[in-house]
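Reading through the structure tokens given below for one structure.
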2 protein chains.
Amino acid sequence: MEMTLKRRETMHRLCGKGLEIFSEKGYYNTSLDDILTELSLSKGAFYHHFKSKEDYFINIVQNLIVQKVYALLIEPLDTDENPLPVIIESLENALEPGKKNEMAYGFMLNDFLTEFNKRNEEICGYLKNIISVWEVNLVAVLKRGKLDGHIARHVDCEGTATYIIASYLGMRSLMTDSSNRQLKYQYIQQLKQYFKSISATQTA
Amino acid sequence: MEMTLKRRETMHRLCGKGLEIFSEKGYYNTSLDDILTELSLSKGAFYHHFKSKEDYFINIVQNLIVQKVYALLIEPLDTDENPLPVIIESLENALEPGKKNEMAYGFMLNDFLTEFNKRNEEICGYLKNIISVWEVNLVAVLKRGKLDGHIARHVDCEGTATYIIASYLGMRSLMTDSSNRQLKYQYIQQLKQYFKSISATQTA
DNA sequence: ATCCAAACCGACTCGTGGGTCGGTCAAACG
DNA sequence: CGTTTGACCGACCCACGAGTCGGTTTGGAT
């Protein structure tokens with residue numbers, strides 16, 4: 001059991017640093033040595049724990065990234081308030097750079113999605129799943145908003161969710177050089193504008 | 001002069017096929033041989049015309065991609081009508097797969113942007129320039145829309161342009177497997193909803 | 001016919017990076 | 001103590017792809 005602990009700890013360190021560097025430089029542009037050097041580990045150590053770079057990244061996706069998406073984008077939705085401001089707040093928060101122990105600019109769902117499109121169908125599938133879970137939750141929360149009288153009845157919740165996700169992903173493409181408070185501000189403002197147009201009380 | 005013609009023709013073939021395959025598989029995932037094989041050309045021929053893969057791609061960006069963005073997204077804006085439907089139409093058209101002699105799904109501005117972020121600053125700069133030109137034109141056309149009484153006076157044109165661009169780029173991330181009529185339809189619908197909220201005549 | 005230069009060929013170099021493998025070390029077990 | 005086992009080491013292998021270079025072909029000019 002002592003051994004298992006050691007194993008877990010090393011794997012955990014590897015995944016953490018991996019997510020950090022992959023987010024910075026991209027998956028294909030990061031060599032295993034880039035990561036191993038920073039952790040003072042060897043190739044041997046790596047392949048003792050993971051069977052390939054791909055396996056390693058899938059591990060990162062299914063543990064760390066899933067977890068972060070839940071924490072930042074999904075769990076915040078779980079309230080009884082008007083969903084619209086809650087969604088805004090979660091997005092605003094997710095676009096915030098340097099969140100505590102996380103890497104700058106949150107994580108790079110869009111970057112990874114784009115990187116694996118047409119290159120690695122399996123990983124792409126996992127990433128799309130994450131987006132899909134997010135979408136499902138957005139739709140649910142929007143529908144609840146309808147029932148609670150916060151959102152106009154004519155609204156297409158699926159379409160709205162898609163639109164929110166698309167604009168969020170696109171923002172991540174635009175916000176490349178850091179400190180893009182301006183861009184983020186514009187985005188949030190326009191999102192509010194859009195939300196006003198689908199809320200039940202047009203003037204609220 | 002005859003020589004120069006031959007040269008131009010070969011370079012043109014190279015760039016055309018290059019854009020096609022780079023769009024499909026990405027820049028870093030495409031080897032020169034992938035392209036050269038399809039054209040039955042050799043390494044030697046390639047390096048006779050371009051000094052590097054990077055130089056080659058810059059050529060593609062500054063000729064073909066710029067040209068396509070102008071044709072699909074910028075020139076259509078140049079009318080005297082209400083800008084909002086015109087913008088919608090241009091985006092709808094740009095998201096249309098298999099446009100005539102173009103590759104499926106138009107071109108991959110977002111994909112390239114993401115791919116070169118943090119990897120090649122120079123190319124990234126050229127791509128951002130293109131987006132920037134698009135933005136400037138959007139802003140101009142929106143401002144004109146205000147003057148002409150199509151768009152409400154309170155609207156932040158820069159913010160709106162950013163928002164349009166972000167959502168468009170994001171859609172390109174989501175529309176991976178072909179025949180996503182559904183996604184496209186949802187997007188256009190929501191965009192119309194948003195546009196209604198910034199137009200001068202709320203009910204139109 | 002000869003020549004020249006531009007277009008083109010393709011085998012080669014060389015760095016990079018994923019993955020392998022025989023070995024070392026240290027802790028646990030008997 | 002010996003033995004075993006799991007964590008880890010690092011030199012090595014190999015494929016791949018960008019870029020090189022000496023040579024060949026081609027077509028227009030003299």
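These values consider heavy atoms only, across backbone and side chains, with no hydrogens, waters or symmetry-generated copies. To find a chain, count down the sequence lines: A is the first, B the second, and so on, and within it residues start at 1.
At the phosphate of C:dC8, OP1 or OP2 sits under 4.0 Å from a side-chain N or O atom of B:Thr10. Applying the 4.0 Å criterion to OP1 and OP2 of D:dA7, one finds that A:His48 has a side-chain N or O inside that range. Close to D:dG6, at under 4.0 Å from its OP1 or OP2, lies no side-chain N or O of A:His49.
For the pair A:Leu73 and A:Leu91, the minimum side-chain heavy-atom distance is below 4.5 Å.
Taking atom CZ of B:Phe50 as the reference point, atom C1' of D:dT20 lies 18 Å away to the nearest angstrom. The separation between B:Met11 atom CE and C:dA6 atom P is 15 Å, rounded to whole Å. Following rounding to the nearest Å, B:His12 (NE2) and C:dA7 (P) show an atom-to-atom distance of 17 Å. Atom NZ of A:Lys6 and atom C1' of C:dA26 are 10 Å apart (whole Å). Taking atom CG on A:Leu36 and atom P on D:dA11, their separation rounds to 14 Å, with Å as the unit. Separating the CZ atom of B:Arg8 from the P atom of C:dA7 is a distance of 11 Å, rounded to the nearest angstrom.
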Practice prompt. For nucleotides 9-24 of chain C, just jot down a letter per nucleotide in 5' to 3' order: B, S or -, based on protein non-hydrogen atoms under 4.0 Å.
Written response: BBB-----SBBB----

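Under a 4.0 Å N-O distance rule, the pair B:Asp34/B:Lys25 qualifies as a salt bridge. Look at A:Lys17 and A:Glu20 and you find a salt bridge, because one of the NZ, NE, NH1 or NH2 atoms lies within 4.0 Å of a carboxylate O, short of that distance.
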Show me, pair by pair, the donor-acceptor contacts under 3.5 angstrom made by side chains of residues 52-63 of chain A, not counting sequence neighbours?
{"from": "A:Ser52", "atom 1": "OG", "to": "A:Glu54", "atom 2": "N", "distance (Å)": "3.4"}
{"from": "A:Ser52", "atom 1": "OG", "to": "A:Asp55", "atom 2": "N", "distance (Å)": "3.0"}
{"from": "A:Lys53", "atom 1": "NZ", "to": "A:Tyr27", "atom 2": "O", "distance (Å)": "3.0"}
{"from": "A:Lys53", "atom 1": "NZ", "to": "A:Thr30", "atom 2": "O", "distance (Å)": "2.9"}
{"from": "A:Asp55", "atom 1": "OD2", "to": "A:Lys51", "atom 2": "N", "distance (Å)": "3.2"}
{"from": "A:Tyr56", "atom 1": "OH", "to": "A:Leu14", "atom 2": "O", "distance (Å)": "2.6"}

Discussion item. Applying side-chain contact (heavy atoms from CB on, under 4.5 Å) to A:Gln186 and B:Tyr163, what does each step give before you reach the verdict?
Written reply: CA-CA 7 Å; A:Gln186 289 179 333; B:Tyr163 192 59; over 6 Å; no

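With sequence neighbours left out, the side chain to side chain donor-acceptor pair (under 3.5 Å) criterion links B:Glu92 to no other residue.
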